[in-house]
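Notes to accompany the following structure.
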Amino acid sequence: VTSALVQRTERARACVRACVCVCVCLRVCVYITNMATGWCGRKGSALTLMVFLCTGVCTSPAETGAGDAGESRILGMRLQSSDKPATTAEDGVIQVTEESSVSLRFYGLHLSNDTRAQIRFVDLGGDAGGGGGGGGGGDEEKLNGTCADFTKDIFVRGNMNVSKQGTSAVLRLKVKLLRKGETHRDYGVCTRNERDGKWYLLGEQDGMLRVVEEKKSLLPLWFQVILICGLLLLSGMFSGLNLGLMALDPMELRIVQSCGTDKEKKYARKIEPIRREGNYLLCSLLLGNVLVNTTLTILLDDLIGSGVGAVVASTIGIVIFGEIVPQALCSRHGLAVGANTILLTKFFMLLTFPLSYPISKLLDCVLGQEMGTVYNREKLVEMLKVTEPYNDLVKEELNMIQGALELRTKTVEDVMTPLNNCFMIHSDAVLDFNTMSEIMESGYTRIPVFEDERTNIVDILFVKDLAFVDPDDCTTLKTITKFYNHPVHFVFHDTKLDSMLEEFKKGKSHLAIVQKVNNEGEGDPFYEVLGLVTLEDVIEEIIKSEILDESDLYTDNRTRKKVAPNKNKRDFSAFKHESESKVKISPQLLLAAHRFLATEVNLFCQSQISEKILLRILKHPDVIQEIKFNENDKRSLQHYVYQRGKAVDYFVLILQGRVEVEAGNENMKFETGPFSYYGVMALSAPTLEFRSPSHLSGLNRSASLNYTDRTESQSISGSNTQLNSAPSPQYIPDFNVRALTDLQIVKITRSQYQNGLMASRLDSSPQSPDSGHTHVDQNMPMENNASVVPQSISENTLTLPLTDTPPDEHTSLLNEQNCLPARQAGHSIHSDSSI
């Protein structure tokens, strides 16, 4: 750039001189034109003068340029290169390092290899402005005097590397060491003028060269690298220990020392002494971490030579290797890392003792002594729930621990059996066979006894008290309860379960009556019985699981969820009188049902089932049933006798009450009452669905008769084995039958009907002396005749006799129901006494 400027300056000077020459010539021509007439006599002399002036002016620049053509002239310089740090300051001063080799590029005119002899350096001292600027006027002597003493601190090496145009050249210099104690020194460039032989300073700031002291490293490079790596490791250790050791709770360390593995116990014993000094340990680790990080930044700045670079490098190194990696490691393995670095931790605690110990004592006074983490009952329960996927406890163990912890927070009202669901006996009950069998079927060993109303519990009956009681003696219940006189234990509803457990452990009783003081409404407060609580209820709450035995009917007395059917459970109804059904109806109604089925329903006519077998079917305990109507839930599934699309295998005759029938694709609804029957085809249903929803008296009787005839012919031709073992087709109704009131119905299943058919055929068929069947004595009672029924009939089906009833069967039916022994009437208990 400087070379181009020099060339442009020379061209400008030549142009200015040419322009001056042209202007003078033009002015002379104008003057000659104006004075032509007056100067005719002087024409020759004027032309001569014009030519002379033009020649003198126009030729003088050329001559001047020709005179300067061989003179070298230096106009400026800049820094080319250096083997040590060098730069150009903002004020234009070139700054180089001591004892360095520097290349400077000089710009000027007509430069050559001999120009190097025209360049010298002069010492300007420590003051940058002491050299002044070179120039003319009155300062030339001062500058010349300054350039008189040349310095030997900078000397030229080699020749100048001159460009082809001669406008720039590179000169290599050698800079010596500064004097002891100097941080920098300024030097000026002096150039010699060839015309007068004098030396002049090159400009002011542009011709200055500043030599600064070489910045030496604090430590050797290899040692710095090792030290920086070590500091990074220490930074990571302090950061990791700060998280790992401080996260170890003193209480947790004590627990690990007692119940951890051998290695964990060893680690905990090492860490626990210094962990007790929590604030002292914290201050030591933080001071060490800050000291290491600060030293690391200083070393990186000295190594890199740039403050910004040192900050960036130290930040990246500390974040990655001093924070993230060690904290991620110590957060998972803090116990092992802390134990293995315990000596180094103690060393730094001792090293920082003068500063960290006083601070820690101040923190102890202000914040108080550090307390370990203490868990209350709720936190322990929640901790067990949260850590369930990671600990080695099974679900049952967790439930037991949780139940034991929650025992004190729950009351007996939370686990009791409500009074309405309790099985109780009236104090006036007679301990006959029915009452005792009902007690045995309940499965309870302790039964409350009440007077007048269920809330008035006066005694407790133990089942073992009945060991010496004969049902035939008809002993009253009061006699037994007064003899044993078991105490009745009452507790209030807000009694805690742990207190209740302590009461049960005393052995007074394992059953308590829960009551509370009722002061609602007007009148005096009174004790209201809410329910029962047993030792089993408390234990179930502890283990968080239900305890079931072979006699339990419900898995939980509060939810009333029934247990799975127990096939091995004994049915004491087998020892009851066979004529007694579960639902009590009048003999007149039973006789009317018998006559209606025998005359109006073809499947039960005399040609199909004999009248005595039909009567035995009706007297079976499971045939006559009741359906209680719930006004609050009229659409309950318990109200449906038949449901559309649900397969059934039973026939139903309505004895009392009213039902609603919904049939057809149009869902037509109509109501029917007593002696309407449904499900005739269910007793021997074909594979196709039956589309007639209801059989009223005289309704669709012909269709029913035809179907009965068909089934009769099929059933007669079939074998006895087919009746009992062949799979029966399902009957799927396409109608709904729903109770509208309380119902009493006759419900005969297919298996009962098939057994009745078989018993009727066996009874009507002649028996030869050689037959394998045992001859039945006609005078034998019906109860004994029941034993001759073929063994192929299952235990769950209806057992029917094979002999005829006496001629006055219907009369005896009425007499039998009306002439029951008087003592049996006293054996019954109140219907609301069972659960």
Side-chain angles (χ1 to χ4, degrees), residues 77-105 124-129 153-154 173 175-187 205-206 208-243 283-328 348 351-352 355-356:
M77 69 175 181
R78 72 173 178 86
L79 178 65
Q80 179 72 16
S81 63
S82 177
D83 59 350
K84 290 185 178 181
T87 183
T88 301
E90 295 180 357
D91 55 359
V93 178
I94 298 175
Q95 183 173 305
V96 298
T97 307
E98 62 178 347
E99 202 176 11
S100 61
S101 296
V102 182
S103 296
L104 298 178
R105 181 174 290 275
L124 301 179
D127 187 4
D153 294 338
I154 301 175
L173 305 176
V175 181
K176 293 184 178 181
L177 286 172
L178 293 174
R179 295 170 180 80
K180 187 175 182 180
E182 290 183 343
T183 58
H184 74 280
R185 196 166 190 83
D186 295 337
Y187 297 90
Q205 303 295 336
D206 295 339
M208 289 182 59
L209 185 67
R210 179 173 297 165
V211 179
V212 297
E213 183 182 8
E214 182 180 5
K215 186 178 180 181
K216 295 182 179 179
S217 179
L218 299 176
L219 298 171
L221 178 61
W222 61 271
F223 187 72
Q224 275 191 330
V225 173
I226 295 176
L227 187 58
I228 288 174
C229 294
L231 291 176
L232 279 176
L233 292 177
L234 288 177
S235 177
M237 186 196 72
F238 285 125
S239 178
L241 291 178
N242 187 25
L243 177 66
C283 293
S284 300
L285 293 176
L286 291 179
L287 284 175
N289 194 17
V290 172
L291 177 62
V292 167
N293 292 341
T294 306
T295 307
L296 178 64
T297 305
I298 294 174
L299 290 177
L300 285 175
D301 178 62
D302 181 68
L303 180 64
I304 297 175
S306 173
V308 177
V311 171
V312 173
S314 61
T315 302
I316 295 175
I318 292 173
V319 168
I320 296 177
F321 301 103
E323 298 293 339
I324 297 177
V325 174
Q327 290 193 16
F348 278 97
L351 186 64
T352 59
L355 185 59
S356 60

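For reference, positions follow the sequence shown, starting with 1. Quick note: numbers below take in every heavy atom, side chains included, and nothing from hydrogens, waters or symmetry partners.
With Ile94 as the fixed residue, the side chain to side chain contact (heavy atoms under 4.5 Å, CB included) test singles out one of Arg210, Met77, Met208: Met77. Just one of Ile154, Val102, Thr88 meets the side chain to side chain contact (heavy atoms under 4.5 Å, CB included) condition when paired with Val96; it is Val102.
Contact of the Thr295 side chain with the Leu299 side chain is registered, since non-hydrogen atoms from C-beta on lie closer than 4.5 Å. Between Arg185 and Val175, the closest side-chain pair of non-hydrogen atoms is not below 4.5 Å. You'll find the side chain of His184 stays beyond 4.5 Å of the side chain of Gln95, heavy atoms only. Between Glu213 and Glu98, the closest side-chain pair of non-hydrogen atoms falls below 4.5 Å.
A distance-only check finds no donor-acceptor pair linking the side chain of Asp301 to the backbone of Ala310 [under 3.5 Å]. Panel note: side chain Ser239, backbone Ser235; no donor-acceptor pair is recorded below 3.5 Å.
Note that CG of Leu241 and OG of Ser284 are 11.5 Å apart. Values are rounded to the nearest 0.5 Å. The distance from atom CG of Leu209 to atom CG of Asp186, rounded to the nearest 0.5 Å, is 8.5 Å. Here the CD atom belonging to Glu214 is positioned 3.5 Å from the NZ atom belonging to Lys84, to the nearest 0.5 angstrom. One finds the CG atom of Asn242 at 9.0 Å from the CD atom of Glu323 (value rounded to the nearest 0.5 Å). The line from CG of Asn289 to CD1 of Ile318 is 8.0 Å long, rounded to the nearest 0.5 Å. The distance from the CZ atom of Phe238 to the CG atom of Leu291 is 8.0 Å, given to the nearest 0.5 Å.
A salt bridge does not link Asp153 to Lys176: none of the charged nitrogens lies less than 4.0 Å from a carboxylate oxygen.
Closest approach of Gly309 to Ile304, counting heavy atoms only: O-CD1, 3.7 Å. Of all non-hydrogen atoms in Ile228 and Leu296, the two that sit nearest each other are CG2-CD1, 3.4 Å.
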